[in-house]
> 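One structure, pasted below without further comment.
One-based numbering along the sequence shown. Both ligands and their constituent atoms are indexed starting at 1 by order of listing. Worth knowing before you read on, the calculation uses all heavy atoms, side chains too, and leaves out hydrogens, waters and symmetry mates.
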Amino acid sequence: MKEISPDQLYQLFNRSKRNTENVIKAAPIGICITTPSGHFEMVNPAYCEFYGYQQEELLGQHFTQVVPEENRAVLAALHEEFMQGNENQELRQEWDVVIKNGERRTVIAEAARIEADDGEPRKVTFIIDITQRKQLEERLKQANERLDHLAHHDELTELLNRRAGLQRLDEEIKRFKRYGTPLSIAMYDLDDFKAFNDTYGHSAGDSVLQQITTLVSERLRDTDLHIRLGGEEFLIIMPGVNAEEAYQGMERVRKSVAQQSFTEHQLTVTLSSGIVSYAEGSGSRLLDHADKAMYQAKQAGRNRVVIASSSP
Ligand SMILES: Nc1nc2c(ncn2[C@@H]2O[C@H](COP(=O)(O)OP(=O)(O)OP(=O)(O)O)[C@@H](O)[C@H]2O)c(=O)[nH]1
């Protein structure tokens, strides 16, 4: 082994120290060292650049200067706990931070406890800016929620669409079979809506469809499900409701719609509805029965509610 003189060793030690300092200066990630009381003792250029501060604006300041006000107490307490922890304890967490101009950013901060030359512990923290990644994740999440909403809802009325509605009907039938609580459905369809469209135009028709469905939803119970089956035909699933109660509920809905006036021409629009209570069979059989009852309501002169003569 090569003999190294104390003088050479001293020079090597000094060079190693300078190299370490240069590595910290050149590091592309933010690094800071904080005292046991939480004050900045060292901040590297990448740290200063990320937060938008000069080195002298941070040194000696409490680290919570770069933390949103609402998180300051929690982070100060965490820092204290960390400082008292065991030697190898490391902390890796995602945090919201605030840069000098007040903007919020998100970082991953990884901290390690070291012992300084005064024998006291220090916390060295490495930060990685993940703001862009977080923003992308948030946008992706919102886009997925929107897609999910579009897959289950009708765009014009915001009601559940046919596919989602029929799925809910099957679920309610399963619940009926399990618990035996009553279940009724009401189908309704606007009266002479073709004539309305032909006279006042399709976009006036669209707006009336939106207003009527909003009005109907307001008249329903919170537990009822309101579905657009297609065109101007709708379904209401009423869990826990027998045919008589469903009839009374739909009569209230029918009257509310008939009393309301729509568009600048103050027009009235009516609806016809068929009601059926579940006894047995499939969802589509139940719908057939409600459809037949609705047809009877149309045949009997429209603007009325009919209970299906026999349950499926
Ligand atoms: N504006 C608008 N009209 C629609 C929409 N969906 C269906 N319609 C119209 O609703 C009308 C339904 O006509 P029909 O099925 O003949 O029924 P109706 O004229 O309401 O007559 P009855 O149901 O027998 O009282 C058609 O003119 C469709 O174009 C929609 O999303 N917007």
> If you have a sec, work out which protein heavy atom is nearest atom 6 (N) of ligand 1 and how many Å separate them, to one decimal?
G231 CA, 3.1 Å

> Which of the listed options, Q299, K194, E155, M294, holds the heavy atom that is closest to atom 27 (O) of ligand 1?
K194

> For atom 3 (N) of ligand 1, which candidate among N197, N303, V208 holds the nearest heavy atom?
N197

> What's the shortest heavy-atom distance between E103 and N101, and which atoms?
N-OD1, 2.9 Å

> Per the side-chain hydrogen bond (donor to acceptor under 3.5 Å, both in side chains) rule, which among H153, Q210, H149 passes with E158?
H149

> With heavy atoms under 4.0 Å as the rule, classify the contact between D206 and ligand 1 as side chain, backbone, both or neither.
both

> Can a side-chain donor-acceptor contact be found between D206 and S203 if the only test is distance below 3.5 angstrom?
no

> With backbone taken as N, CA, C and O and side chain as the heavy atoms from C-beta onward, which portion of L190 lies under 4.0 Å from ligand 1: side chain, backbone, both, or neither?
backbone

> Measure up the Y47 and Y51 rings against each other and bin them: parallel (under 30°), tilted (30 to 60°), perpendicular (over 60°).
tilted

> Identify the closest protein heavy atom to atom 21 (O) of ligand 1: which residue and atom is it, and at what distance?
D192 N, 3.5 Å

> Is it the case that D189 and S272 place a side-chain donor and acceptor less than 3.5 Å from each other?
no

> Quick one: look up the protein heavy atom nearest atom 22 (P) of ligand 1 and list residue, atom name and how far away it is.
K298 NZ, 3.4 Å

> So which heavy atom in the protein is nearest atom 10 (O) of ligand 1, and how far is it from that ligand atom?
E232 CG, 3.1 Å

> Between E171 and R168, is there a side-chain N and carboxylate O pair less than 4.0 Å apart?
yes

> Below 4.0 Å from ligand 1: does a non-hydrogen atom of R228 turn up there or not?
yes

> Report yes if some N/O of L209 lies less than 3.5 Å from some N/O of ligand 1; otherwise report no.
no

> Look only at interatomic distance and state if F193 has a nitrogen or oxygen under 3.5 Å from any nitrogen or oxygen of ligand 1.
yes

> With no hydrogens and no angle check, do the side chains of S207 and Q211 hold a donor and an acceptor under 3.5 Å apart?
yes

